Amino acid sequence: MMTSNRTLGIYVHIPFCLCKCLYCDFCSYTEQDGGVHSEYADAVIREIRQYAERARDYTVTSVYFGGGTPTLMPTTELSRILSAIGQSFALSPAAEITLEANPKTVDAEQMTALRQIGFNRISIGVQSLCNSELLALGRLHTAEEAIETLTLAMRHFPRVSADLMYGIPEQTAESFERTLLRTLDTGVTHLSLYGLILEEGTPLYQRRTHLTLPDEETEYAMYLRAAEILSARGFSHYEISNYAKRGKECQHNLRYWRAQEYMGFGIAAHSYFGGVRYGNGQDLSTYLKSEIFAPKVSETLSDADLRFEYIMLALRLAEGIEELDHRRRFDTDFWQTHRASLQKYVEGGYLKRENGRVFLSDAGMYIENAILADIL
Ligand code: SF4
């Protein structure tokens with residue numbers, strides 16, 4: 001297939017998990033057997049084939065299998081989906097191809113097979129390396145199993161990411177720092193760091209009044225300490241929640257933050273293509289039976305929406321807003337338009353304007369929402 005200058009990212013949602021973590025509001029199913037995996041792969045392949053024609057002129061530069069727990073799906077099924085992507089789209093030979101995994105759901109043999117079928121990056125949901133915190137989150141694995149999986153991943157994949165959390169019940173600044181340092185000792189090349197959010201409807205939310213959560217000040221101290229430690233270890237804080245060794249940034253997620261196009265396949269998957277955002281429904285049995293796929297939600301973005309999203313996403317990144325690019329896209333000057341509201345953040349050390357770019361400092365990233373509310 002010919003390649004072109006227009007690039008695309010592909011997301012595939014694999015909605016299967018061993019059990020539901022207590023804080024999770026992602027779309028995932030815990031009851032499944034081999035038959036469902038195979039049927040699901042068939043449906044995803046049908047959907048891929050249906051949409052591929054629209055992206056005939058695009059080169060796919062990143063593929064991301066997220067979940068759920070993609071490693072619960074047999075490698076043969078993952079391979080069928082990846083092959084369908086390769087056959088239906090112009091997949092760049094240099095594409096970043098990521099798969100999410102959880103400790104205890106993937107062994108050395110499976111990692112070897114995953115590399116062979118084309119995955120070149122793995123992202124592992126660790127969350128904490130303190131067993132009582134893992135228990136509080138309802139995670140199925142222990143700290144030791146997580147380290148084992150990270151160590152194995154480092155032997156098999158050139159790019160390994162770990163997800164960690166702060167703000168976990170009973171977590172202290174010390175236990176968080178221990179988790180971070182032990183994770184870094186495995187040699188991971190990328191780290192995603194999220195504050196725990198108690199989402200309504202989750203078991204953890206229902207128990208919220210009985211939980212001992214770190215207070216806001218402690219959470220902020222964890223966030224700043226992480227930024228300090230990671231910087232000393234050679235990681236750049238390239239996005240609010242993400243840190244990478246040089247050249248190891250997640251190319252797929254960068255597409256989201258740079259407001260570039262992507263197509264999502266599978267239940268609950270979202271897409272942004274041709275100026276339209278659309279997303280699939282969450283019902284597994286409906287999806288499995290579908291012959292023709294139609295988005296459940298779809299929204300054509302107005303100019304004002306596009307500008308809001310662009311600013312909101314760009315400020316998440318350390319590279320921030322390129323003023324020239326903003327003017328080219330929206331025909332207005334970002335700095336002049338928002339100068340009056342932004343000045344106090346510059347004076348407070350939260351925002352910088354240098355070399356034609358406006359970007360947030362570590363402290364500024366932590367309060368991005370407040371800054372956005374102020375200027376937009
Ligand atoms: S492993 Fe991830 S997707 Fe699955 S239940 Fe836990 S948090 Fe949710």
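Both counts, for ligands and for their atoms, begin at 1 and track the order of listing. What you are looking at is a predicted structure, and each value in this text was computed from that prediction instead of being measured.
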Leaving out waters, which are not shown anyway, how many protein N, O or S atoms lie closer than 2.8 Å to atom 4 (Fe) of ligand 1? 1
For Y278 and F273, I'd like to know if the aromatic rings sit close, meaning centre-to-centre distance below 6.0 Å. no
Counting from 1 in the order shown, the ligand 1 atoms closer than 4.0 Å to a non-hydrogen atom of Y23 are 7 (S)
Under a 4.0 angstrom heavy-atom cut-off, which atoms of ligand 1 come close to R139? 1 (S), 6 (Fe), 7 (S)
Scan Q251, R159, K248 and name whichever one has a side chain to side chain donor-acceptor pair (under 3.5 Å) with E96. R159
Contacts of L324 meeting side-chain contact (heavy atoms from CB on, under 4.5 Å) (sequence neighbours excluded), chain-then-number -> E322, R327, R328
Tell me which donor-acceptor pairs under 3.5 Å the side chains of residues 61-70 have, and how far apart each pair is, sequence neighbours excluded?
unit_1 : atom_1 : unit_2 : atom_2 : d
T61    : OG1    : R255   : NH1    : 3.3
S62    : OG     : H252   : ND1    : 2.8
Y64    : OH     : E100   : OE2    : 2.9
T69    : OG1    : N102   : ND2    : 2.9

Would you say the rings of Y51 and F293 are close, in the sense that their centroids are separated by under 6.0 Å? no
Quick test of your reading: applying side chain to side chain donor-acceptor pair (under 3.5 Å), list the pairs with at least one residue in residues 262-273, sequence neighbours left out, ordered by first then second residue. Y262-R277
Which one of Y243, Y238, F235 satisfies the ring-ring contact (aromatic ring centres under 6.0 Å, His included) criterion with H190? Y238
